[in-house]
Amino acid sequence: MAIARTWKSHSVLPGFGLALGFTILYLSLIVLIPLSATFIKSAELSLGEFWAVVTAPRALASYRLSFGAAAIGALLNAGFGLLTAWILVRYTFPGKRLVDAFVDLPFALPTAVAGIALTAVYAPNGWLGQWLEPLGIKVAFTPLGVVVALTFIGLPFVVRTVQPVLEDLEAEIEEAAACLGANRWQTFARVLLPALWPALITGFALAFARAVGEYGSVVFIAGNMPMISEISPLLIITKLEQHEYAGATAIAVVMLVASFALLLVINSLQWWVSHRHGRKQ
Amino acid sequence: MKNLTLTLSAILALANPLAALAANVTLLNVSYDPTRELYQDYNAAFAKYWKAKSGDDVIIKQSHGGSGKQARAIVDGLEADVATLALAYDVDQLHEKGKLIPKDWQKRLQNNSSPYTSTIVFLVRKDNPKNIKDWNDLVKPGISVITPNPKTSGGARWNYLAAWAYGLKQNNNDEAKAKEFVAKLFKNVPVLDSGARGSTTTFIERGIGDVLLAWENEAFLAKKELGPDKVEIVVPSLSILAEPPVSVVDKVVDKRKTRQVAEAYLQYLYSEEGQEIAAKNYYRPRLDTVAKKYEAQFPKVNLITIDEVFGGWTKAQKTHFSDGGTFDQIYVK
């Protein structure tokens, strides 16, 4: 049943004005004011200069890598994160608690540590790198390394958003589907997945957003070659090192606007999916 | 003085409540990455000297990081009494961006305000399997060269300019040919770390590359730590005289009333003892007597200076490392 949407629909809970006021104040202090400082700083450049900075070939190459690798990493996490969440919710096995705790490690680890560890493992003389090298697969110091790092840091987001939803889905629903003649694939695709979509999309969006801004772990494994394995945040740091504050904020503004637009699209998609599938009953 | 002591004790109380009682003065030395060991030794020696001279206890705190980043931190408000950075361009920024020091800061102390110097050398693997002797060996196909990114690392800028100077010399000062040479060299670079220590790690721990372009002091340090059975130092036919400059940060020392001790701190770097400590930490000393003593340690190199070949840092920075400079050009066709 649809609720008529008015400017301010009356809620049974009091204190809307106060709560909204606090929310806006809090968001302003924590998010909006620092971000607007970025925009103001970049306004030191003329429009022509701004455009020249943000469309320089190196900048364009870095957006491709940052957003592309973040999207691939988030997609991988959406797939394998769903699987991990599934395993953790639907099966019991020895050491389950331990595996559950491992999932959060990428959250807790300082990203520089993660970057150094990944580089050590995937470098041509590392544990995994020495076996991959003869196969012609180079991970460390290539764009592939960037994907690996971004996948690593994004894993918990998908698992932790999907897990509670999966826990709420009772096994009876699957049994009912089976009783009504659905095969396993149909049960998964037609019964479970629609309920999981919103959480999965949220997890994807979080992992993606985190990965776009990631710096610490990537710089160690990327190799940082201009035009090839240089991420946008590194370009920002590079510009700061040159004392080009305005140029650095120009790139930051592009990343902000692009991230915001992408997140808006993803969130709308999530909203649309959850209204289409989830709340029909 | 009372005011100062109060502030200082407040700061120190956070770190060490006992030391606060004894301390009269603290200094913050903001420096770049590879000087960590040098200033650890030097600070102890200076504290002793200053105690004997003035009766005051002085505690010196050190901060290390990429040279450009450190300069920016000072401009942004880090209260450094003295700045000891990798290149004059970064100290210039304290004047340009922060107006913290006068324009002619580099004339205030002898030798361009650089009490010690260094140069760029090659670090190769044991027995030099690729037979790397000079810069022109680095552009050969199949040689893998490790250097940090000149955009983010002060040391890497010296590397880049040394290679450029060699290119000029080989080609009768033809700038286009020199650029071609450097472009060819950077084709052989598989990884550009953001700082000198990062590159050392890539070369040594990750085992990547045949040759590492490094500060002479870093190369010595790596050799000392790893043992001569792992790496060797190769001195090229021509290199660049790297002059890491030092300066008092006037605005800060005047505010904190530490000018006297801060200036003495830098002056003492030129003393016999200061020079000796520099030499022991593999920086080339300026003082003749100390230089003689450590002659065997530092091989003779044909050194060019940035002023004679590149017309100073400001110009070199603009031509080579700013946006659209030669470094960008060799990557973006």
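Naming convention: chains lettered A, B, ... in sequence-line order (proteins, then strands); numbering from 1 in each chain.
Interface residue B:K151: backbone and side-chain heavy atoms are both found under 4.5 Å from chain A. Contacts between B:E205 and chain A at a heavy-atom distance below 4.5 Å involve the backbone alone (N, CA, C, O). For A:I116, the parts sitting under 4.5 Å from any heavy atom of chain B are the backbone and the side chain alike. Both the backbone and the side chain of B:F321 come within contact range of chain A, judged by heavy atoms closer than 4.5 Å. With a 4.5 Å cut-off on non-hydrogen atoms, B:I208 touches chain A through its side chain but not through its backbone. Within the 4.5 angstrom heavy-atom criterion, only side-chain atoms of B:Q317, from C-beta onward, approach chain A. Contact annotation for B:T202: only side-chain heavy atoms (C-beta onward) come within less than 4.5 Å of a heavy atom of chain A.
At a heavy-atom cut-off of under 4.5 Å, chain B is reached by A:P57, A:R58 from residues 50-68 of chain A, listed in order of number.
No more than 12 heavy atoms of other residues, nucleotides or ligands sit less than 6.0 Å from atom CG of A:L47. Summarising the local packing, CZ of A:F39 is surrounded by more than 12 heavy atoms from other residues, nucleotides or ligands at distances under 6.0 Å.
Residues satisfying the ring pair (Phe, Tyr, Trp, His ring centres under 6.0 Å) test with A:F107, not counting sequence neighbours, are A:F157.
Applying the side-chain hydrogen bond (donor to acceptor under 3.5 Å, both in side chains) test to residues at least two apart or on different chains, none of the pairs has a partner in residues 113-129 of chain A. Applying the salt bridge (charged side-chain N to carboxylate O under 4.0 Å, His left out) test to residues at least two apart or on different chains, none of the pairs has a partner in residues 121-131 of chain A.
Minimum heavy-atom separation, B:Y331 to A:M225: OH-CE, 3.4 Å.
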Determine whether A:K239 and B:D323 satisfy the following criterion, side chain to side chain contact (heavy atoms under 4.5 Å, CB included), listing intermediate values before the conclusion. CA-CA 9 Å; A:K239 290 206 181 292; B:D323 273 4; 2.3 Å; yes

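Side-chain contact between A:Y245 and B:D76: present, with at least one pair of heavy atoms (C-beta onward) separated by less than 4.5 Å. Within the 4.5 Å cutoff, the side chain of A:P226 has heavy atoms near those of the B:L192 side chain.
For A:N224 (side chain) and B:D193 (main-chain N/O), no donor-acceptor pair under 3.5 Å exists by modelled atom type.
In this structure, B:S194 OG and A:F220 CZ are separated by 7.0 Å, a value rounded to the nearest 0.5 Å.
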